[in-house]
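All remarks here apply to the structure that follows.
Atoms within a ligand are numbered from 1 in the order they appear, just like the ligands themselves. Nothing fancy with the numbering, it's 1 onward along the sequence.
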Amino acid sequence: MPTVAPDPTAETRARIDGDGAWARLCRHAADAPAPDPLFDRHDADREAAEMLDLYGPFLADAGPRPLVFAHLGQSLDGRIATDAGESTYITCAANLDHLHRMRALACAVVVGAGTVRHDDPRLTVRRVPGRHPMRVVIDTERRLDERYRLFRDGETETVLLCAEDRQDGERIGDARILGVPRRGETIDYAAVVAVLAGLGCRRVFVEGGGVTVSRFLAEGCLDRLQIAVAPMILGSGRPALSLAPLTNLSEALRPPTRIFRMGDDVLFDCDVRRSG
Ligand SMILES: NC(=O)c1ccc[n+]([C@@H]2O[C@H](COP(=O)([O-])OP(=O)(O)OC[C@H]3O[C@@H](n4cnc5c(N)ncnc54)[C@H](OP(=O)(O)O)[C@@H]3O)[C@@H](O)[C@H]2O)c1
């Protein structure tokens, strides 16, 4: 997970902003529900056009329910962290900038309790210009305590979602606690999306870890999934996606996918709603 960004140089700022394209996308994100037309593509230079290609789908109006998208940064062998939970950094600086852009476009950024426990993340937008999203932690069994930064730093609104039967109060530190119905062994992910819609979220960014992203995907609650692959081999560690075993390859998801180069990494942007 990213840590505090160094003060960017003028050159970094220009790259990050794509000649003003990023600032304009942010304004459109704030003006949704219908950010259309974004701006005249013919006026955009190459860098700005690339930014529009990458981020345009995340500004689409998803209709009555939020657009839900996720990102995982993994090694060539599909790991997002070592067994001990270390994940800083698997992907390169360009991908970390991208991660912060995805946060800035989102109304809410969601992580699992395992990520909070290992990384103590802030989940704010620091590497690029943009607004901090609301932070949402899924802690089904209500095992986290209030020592973690996002429950105490007051940087932006924070919500902890747990199983209804585990809700033991209204607050943890500065954060609100909300109960969500269970579904089987875990929380009902469709209900999580409904709760976030009820809080006014139109775009929900699930930032990890692998268990949480896998559950959103398995429950049919993801619209888009981004996987950034870094040229690194861990050989062991925490898996990116873990879904129910398949017998036949014909059962595999084969989503329409766009591919972007990010420094040394390759980003696969998958339209999982259209996986067939
Ligand atoms: N490379 C990346 O893109 C990326 C992104 C985010 C995180 N990470 C790394 O991924 C790892 C975390 O991901 P993950 O897939 O293991 O989990 P996760 O999706 O962050 O969180 C869900 C898992 O954590 C468990 N959990 C909940 N509370 C816990 C507690 N107090 N102690 C221990 N486990 C708890 C949950 O169990 P229950 O369901 O029983 O509650 C569930 O298995 C960290 O090492 C983090 O650094 C990498």
Ligand 1 to E86 polar contact by distance, N or O atoms, under 3.5 Å: no

Numbering as shown, the atoms of ligand 1 that approach G73 to under 4.0 Å (heavy-atom distance): 1 (N), 2 (C), 3 (O)

N or O contact, G114 vs ligand 1, cut-off under 3.5 Å: yes

Heteroatom proximity flag, L144 to ligand 1, N/O under 3.5 Å: no

Subset of ligand 1 atoms that lie under 4.0 Å from at least one heavy atom of G112: 18 (P), 20 (O), 21 (O)

Within reach of ligand 1, part of D119 (heavy-atom separation under 4.0 Å): side chain

D271/R273 salt bridge by N-O under 4.0 Å criterion: no

D97 side chain reached by W22 side chain, heavy atoms, under 4.5 Å: no

Centroid-centroid under 6.0 Å between Y55 and H98 rings: yes

Heavy-atom gap T186 to ligand 1 smaller than 4.0 Å: no

Part of A81 with heavy atoms under 4.0 Å of ligand 1, whether side chain, backbone, both or neither: side chain

Close N or O approach (G85, ligand 1; < 3.5 Å): yes

Electrostatic pair E141:R182 at N-O distance under 4.0 angstrom: yes

Nearest heavy-atom neighbours spanning D145 and R147: OD2-NH2, 2.7 Å

Any N or O of R143 closer than 3.5 Å to N or O of ligand 1: yes

Electrostatic pair R152:E146 at N-O distance under 4.0 angstrom: no

Any R215 heavy atom less than 4.0 Å from ligand 1: yes

Heteroatom distance test (E141, ligand 1): nitrogen or oxygen, under 3.5 angstrom: no

Side-chain donor-acceptor contact under 3.5 Å, S250 with N248: no

Any V111 heavy atom less than 4.0 Å from ligand 1: no

Backbone or side-chain N or O of I90 under 3.5 Å from ligand 1 N or O: no

Nitrogen or oxygen of T212 less than 3.5 angstrom from that of ligand 1: yes

Salt bridge present between E155 and R149 (N-O < 4.0 angstrom): no

